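Quantities reported herein were computed from a predicted structural model and do not represent experimental measurements.
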Amino acid sequence: MAFLLLCFMEFLIFFYISILACVGSFIQRVCGFGFGIFIMTILPFLSPSYPEATALSGLLSCCQSAFVLIKMYKYINWKHLILILITFSIFSFFAVQYVAQAAETNLKFLLGIVLILMSLYFLIFSKKIKIKPTKTIQLSLGAVSGTMGGLFGMHGPPAVIYFIEAENDKNCYIAICQAYFVITNIIMTCFRAKNGFLTSFVGIGIVFSIVGIVIGSLLGQKVFDKISPEKLKKIVYFYLIFAGIMAMI
């Protein structure tokens with residue numbers, strides 16, 4: 001009886017993760033990012049450990065982005081992507097090493113602070129500060145993105161600050177974001193595998209969540225097709241504010 005109850009509880013956890021993956025996929029398909037931000041506000045509390053939560057979040061985000069990218073790869077502007085990937089790779093490597101040794105409570109506290117700071121940036125300074133898509137900005141935001149990805153499993157916001165200014169067409173914006181998430185999550189998964197983050201919990205979580213990822217992505221595409229680039233920017237900014245509030249509750 002106790003064994004059956006334990007199995008049922010584990011099933012509920014993975015079912016809940018699949019629902020989170022569905023909602024996260026919807027958000028990412030509409031905004032171009034947000035999967036990691038949304039799911040990492042809850043996933044660490046459902047996972048056996050914080051490192052496993054970051055590993056599962058990264059792989060699910062990779063699957064979602066790959067699903068979208070299949071139809072949109074022709075819109076990718078590779079010149080706006082290469083440099084940011086270089087510094088991302090370097091900084092994410094060291095951030096993952098830190099996660100392997102750091103206390104989980106400290107990491108969750110830092111996660112909340114980072115979300116709030118990103119929200120305040122978009123709320124107060126986004127209209128006053130215009131980011132030009134220069135090589136220096138690519139390298140700088142790649143470093144910040146790599147650090148956030150390695151520590152928190154959410155490397156989207158710094159990169160999005162660059163991509164949303166560099167790409168004028170909303171399809172190009174979505175395509176370059178998804179290409180970025182596929183490549184960077186593969187890179188971080190290799191780093192995490194080296195540190196033992198890929199466990200049976202991560203594998204089962206992926207299997208349970210595939211259907212949710214597909215459903216959320218398809219629903220998000222219907223919403224995305226109906227909105228203008230201006231509305232898209234507003235959705236991106238306000239979602240970050242919402243995510244910051246969620247993390248602090």
Side-chain angles (χ1 to χ4, degrees), residues 25 27-37 57-59 61-96 114 118 121-122 125-191 217 220-221 224-225 227-237 239-240:
S25 297
I27 293 169
Q28 179 135 327
R29 185 60 185 88
V30 174
C31 299
F33 78 110
F35 186 98
I37 295 174
S57 173
L59 282 169
S61 176
C62 184
C63 291
Q64 191 279 333
S65 296
F67 178 75
V68 175
L69 194 60
I70 290 172
K71 295 181 179 180
M72 305 192 72
Y73 68 91
K74 62 182 179 180
Y75 293 104
I76 301 172
N77 185 343
W78 290 102
K79 291 190 296 184
H80 291 166
L81 192 58
I82 300 300
L83 290 179
I84 198 171
L85 287 173
I86 293 173
T87 49
F88 172 91
S89 301
I90 296 170
F91 279 79
S92 64
F93 172 80
F94 289 106
V96 170
V114 169
M118 293 300 301
Y121 166 81
F122 283 115
F125 301 111
S126 61
K127 292 183 180 180
K128 299 178 181 179
I129 300 175
K130 292 297 180 181
I131 302 281
K132 294 183 179 180
T134 63
K135 293 181 179 179
T136 301
I137 290 297
Q138 281 196 63
L139 293 171
S140 301
L141 293 181
V144 178
S145 179
T147 302
M148 288 181 61
L151 292 179
F152 312 121
M154 52 169 68
H155 52 296
V160 166
I161 293 173
Y162 167 72
F163 292 142
I164 205 166
E165 295 296 337
E167 307 297 336
N168 295 321
D169 180 81
K170 71 176 186 178
N171 287 312
C172 292
Y173 163 73
I174 289 294
I176 197 170
C177 283
Q178 304 323 301
Y180 181 74
F181 288 127
V182 169
I183 296 170
T184 53
N185 278 309
I186 289 174
I187 291 171
M188 286 192 295
T189 295
C190 293
F191 296 157
S217 298
Q221 180 178 344
F224 175 81
D225 290 339
I227 61 177
S228 65
E230 291 74 20
K231 288 184 178 179
L232 177 62
K233 282 189 177 184
K234 290 181 180 179
I235 291 173
V236 169
Y237 296 156
Y239 177 70
L240 272 183

Can you tell me how far CZ of R29 sits from OG of S217, rounded to the nearest 0.5 angstrom?
7.5 Å

CD-CZ distance between Q178 and F163, expressed to the nearest 0.5 angstrom:
10.0 Å

Y180-S145 side chain donor-acceptor pair, cut-off 3.5 Å:
yes

Can you measure from SG (C31) to CD1 (I174) and round to the nearest 0.5 angstrom?
8.0 Å

Does E167 use its side chain to pair, donor to acceptor, with the backbone of C172 at less than 3.5 Å?
no

Shortest non-hydrogen contact from P158 to L141?
O-CD1, 3.4 Å

Would you give the length of the straight line joining atom CG of L85 to atom CD of Q138, rounded to the nearest 0.5 angstrom?
9.0 Å

Please report the C-alpha distance between H155 and T184 in whole Å, then the side-chain angles of each, then the deciding distance to 0.1 Å, and finally whether the side chain to side chain donor-acceptor pair (under 3.5 Å) criterion is met.
CA-CA 9 Å; H155 52 296; T184 53; 2.7 Å; yes

Atom CZ of F33 and atom OG of S61: how far apart are they, to the nearest 0.5 Å?
11.5 Å

Kindly state whether the ring of F191 and the ring of F93 have centres lying under 6.0 angstrom apart.
yes

In short, V182 meets A66 closest at the heavy-atom pair CG2-N, 3.4 Å

Between V160 and Y173, is any pair of side-chain heavy atoms under 4.5 Å apart?
yes

Spell out, as yes or no, whether a donor-acceptor pair under 3.5 Å connects the side chain of S92 to the backbone of F88.
yes

Result block: side-chain N/O donor-acceptor pairs under 3.5 angstrom for residues 72-79, not counting sequence neighbours:
{"unit_1": "N77", "atom_1": "OD1", "unit_2": "K79", "atom_2": "N", "d": "3.3"}
{"unit_1": "N77", "atom_1": "ND2", "unit_2": "H80", "atom_2": "ND1", "d": "3.3"}

Rounded to the nearest 0.5 Å, how far does CG of N185 lie from OG of S57?
7.5 Å

